[in-house]
Structure formats: structure tokens, C-alpha cells
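Written out below as C-alpha cells is the structure these notes cover.
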Amino acid sequence: MKTAIRILLAMLIGTGVIASLYGLSAYEFVPTVWRFVERRHPALDQAGTRAFTSTGIPGDPLNLAFVGNEDALRKLMLGAHWFVANPIGLGSSVRIALDSVAHRAYAEAPVSSLYVNGRRQDIAFEAPSGKDPSRRHHVRFWKMATPDLLGRTLWVGAATYDSGVGVSHTTGQITHHIAPDVDRERDKILNDIHTVSGVEIKWIDDFQPERTGRNGCGDPYVTDGRLAVIETD
């Protein structure tokens, strides 16, 4: 009888130890490991902090990032009522010029090319602002080559607001000018996707080394230096 009791007590103690170890593993150790893994996507170290023009002039500051595949990125932005910008071509270039002059809407108007690591943007989104494409919200995204330890892709983005059409201060070409407050454009995107379920926003402070600067057209900008990282389920 005493032997049976000892065996039962040993089993209960063993079960308690196993339960305790499970609890520590599932609710403390494993989440801590995942938080460490997700703390900073490794591709951020390859992205730099600015986009560049085709001639190598520093352009718009990177102020947004997305972790996930392209389908998830498209679904997120389309669900927030943004449009995919058309590629630049003769037809789209003529249309944006005519629609800007005639004050006609063009929600999918093309955006100029900027480069990260020598590659032009993979996709751009925009949201109309006003009657024609001379004023618009827009963001370019570049796909980074290196996945994180979970196999997830990083997209870095530069969100700015086109406040009008004019002459570039650096090249003399006809171009869009951006509004100085680039954080406001970043935050608009975050507000627009707020209603999309399963979205988590993380922040990287002091991502931008400089709080002020000029883009490739010579337009001044100001920023708090933070990078917003969007993750979905």
C-alpha cells in the first residue's frame, strides 16, 4: 500500500514538473525567442535610409516598411482604398499630363522611378487628393532580397504627398513637388489601414540619421526619424 502511494506521489510530482516546464516554455521562453527574432528584420540593414534618383541623387526618405508577401501587401493597401499606380509608359505619361491640365481624375496615375540598392520600386500605391493627379498621396515599395528567420519578406517604403506640379530644383525637369511633412503621409497610411483586421504596427526609433533634408528634386522635408513597420497575421 505504501509503495503504491509513493508511486502515485512520484507521478503527481512528475506531472507537476512537466506542467511547470511546459508553462515556462510555452508562455515565457518561446515568446521571448520570437520577440528576439522579430525585433529587427535583417534586410533593414541592407536597405539604407533613402531612395535615390536614377542619377544617384538622394531622394525621398524611407519611412515605412511591410513584412509579408506581395499578395498580402496588395490586399492591405487595396482594402484601405488605395490604388496601384500604373507603370510609366507613353500612354500613361500623356494621360497624366492631360488630366492634370484638364483637372480630370486619374486614380492610377504613374509615379516616377526611385531606386533602393540600384532597383526601382517594385510597386507603388496612391490615393487621390483633389480633382486631378497633380495632388495625390502616394507610397513606393521596394522588395528586399533577404528574408528573416521566419522566412518573411521585407518591403521598405517611402510615403510622400505630391502637393503640385512644377520644375525640379535640381534638374529643371517638370515633376511633382512633395509636401515637407513626410511623417503626415506615413501616418495617413497607418490610419487608413487601421480598420484592416490583423494588422500590427511596430516602430523603429531614430531610423533616419537626419531629421531634415531635401529629396531628389530639391524639395525640403522634415521627419521625426521613425520607421513604421507593418505586420499582418
Side-chain angles (χ1 to χ4, degrees), residues 41 43-44 46-89 92-93 96 106-129 133-145 153-165 168 170-171 173 175-193 204 207-208 213-219 221 223 226-230:
H41 198 292
L44 276 177
Q46 306 165 8
T49 60
R50 300 277 294 273
F52 292 82
T53 68
S54 60
T55 57
I57 300 173
D60 298 341
L62 303 179
N63 55 7
L64 200 64
F66 174 81
V67 179
N69 59 39
E70 183 175 348
D71 288 342
L73 176 59
R74 285 176 176 267
K75 182 179 179 180
L76 179 70
M77 296 300 292
L78 294 176
H81 306 294
W82 285 61
F83 298 85
V84 178
N86 286 337
I88 293 179
S92 60
S93 298
I96 190 174
Y106 186 7
E108 302 88 4
V111 301
S112 59
S113 295
L114 289 178
Y115 297 79
V116 170
N117 293 336
R119 296 179 55 255
R120 73 178 65 192
Q121 68 269 7
D122 293 279
I123 191 169
F125 300 91
E126 61 189 283
S129 174
S134 65
R135 296 176 182 268
R136 58 184 175 175
H137 308 278
H138 69 300
V139 56
R140 298 173 177 86
F141 280 103
W142 294 263
K143 181 180 179 181
M144 298 291 99
T153 300
L154 177 76
W155 302 73
V156 293
T160 55
Y161 177 72
D162 281 340
S163 57
V165 175
S168 169
T170 56
T171 66
Q173 299 174 355
T175 186
H176 279 92
H177 290 295
I178 67 168
D181 189 355
V182 294
D183 295 342
R184 184 175 182 180
E185 195 68 3
R186 174 200 66 195
D187 295 344
K188 172 183 168 51
I189 294 176
L190 300 183
N191 289 331
D192 287 351
I193 67 174
I204 297 178
F207 178 77
Q208 288 291 337
R214 292 182 178 271
N215 73 351
C217 294
D219 299 330
Y221 69 81
T223 176
R226 297 193 300 165
L227 181 79
V229 182
I230 304 168

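The shortest non-hydrogen separation linking Y161 to R136 is CD1-O, 3.2 Å. When every heavy atom of P61 is checked against every heavy atom of Q208, the shortest pair comes out as CB-NE2, 3.6 Å. Closest non-hydrogen pair, S163 versus A179, comes out as OG-N, 3.9 Å. When all heavy atoms of V111 and A85 are compared, the pair lying nearest together is CG1-CB, 4.3 Å. In terms of heavy atoms, L78 sits closest to F83 at CD2-CA, 4.5 Å. Nearest heavy atoms, W142 versus A51: CH2-CB, 3.7 Å.
Counting only residues at least two apart or on different chains, no salt bridge (charged side-chain N to carboxylate O under 4.0 Å, His left out) pair has a member in residues 50-59. For residues 61-72, the set of pairs meeting the side-chain hydrogen bond (donor to acceptor under 3.5 Å, both in side chains) definition, not counting sequence neighbours, comprises E70-R74.
Taking the salt bridge (Lys or Arg N to Asp or Glu O under 4.0 Å) definition, one finds that D122 meets it with R119, sequence neighbours left out. Residues passing the salt bridge (Lys or Arg N to Asp or Glu O under 4.0 Å) test with R120, sequence neighbours excluded: none. Among residues two or more places apart in sequence or in another chain, the side chain to side chain donor-acceptor pair (under 3.5 Å) test is passed with T153 by none. Remark: A65 pairs with L154, L227, V229 by the side chain to side chain contact (heavy atoms under 4.5 Å, CB included) rule, at least two apart or across chains. For D60, the side chain to side chain contact (heavy atoms under 4.5 Å, CB included) test picks out L114, R140, A158, T160, I178, N215, with sequence neighbours left out. Annotation: side chain to side chain contact (heavy atoms under 4.5 Å, CB included) contacts of A228 (sequence neighbours excluded): L64, R186, L190, I201, W203. Scored by the side chain to side chain donor-acceptor pair (under 3.5 Å) test, T53 finds T55 as partners (sequence neighbours excluded). Under the side chain to side chain donor-acceptor pair (under 3.5 Å) criterion, S54 pairs with no residue at all, not counting sequence neighbours. Every residue meeting the side chain to side chain donor-acceptor pair (under 3.5 Å) condition with W82, not counting sequence neighbours, appears here in chain and number order: D192.
Using a 4.5 Å cut-off on side-chain heavy atoms (C-beta onward), V156 and M144 make contact. Using a 4.5 Å cut-off on side-chain heavy atoms (C-beta onward), D162 and E126 make no contact.
Annotation: the span from L62 atom CG to T49 atom OG1 amounts to 6.5 Å, rounded to 0.5 Å. In this structure, I189 CD1 and F66 CZ are separated by 12.5 Å, a value rounded to the nearest 0.5 Å. Separating the OH atom in Y221 from the CZ atom in R214 is a distance of 11.0 Å, to the nearest 0.5 Å. Expressed to the nearest 0.5 Å, how far CG of D181 lies from CG of D187 amounts to 8.0 Å.
A distance-only check finds no donor-acceptor pair linking the side chain of R226 to the backbone of I204 [under 3.5 Å]. The backbone N or O of E108 lies less than 3.5 Å from a partner atom in the side chain of N86, making a donor-acceptor pair.
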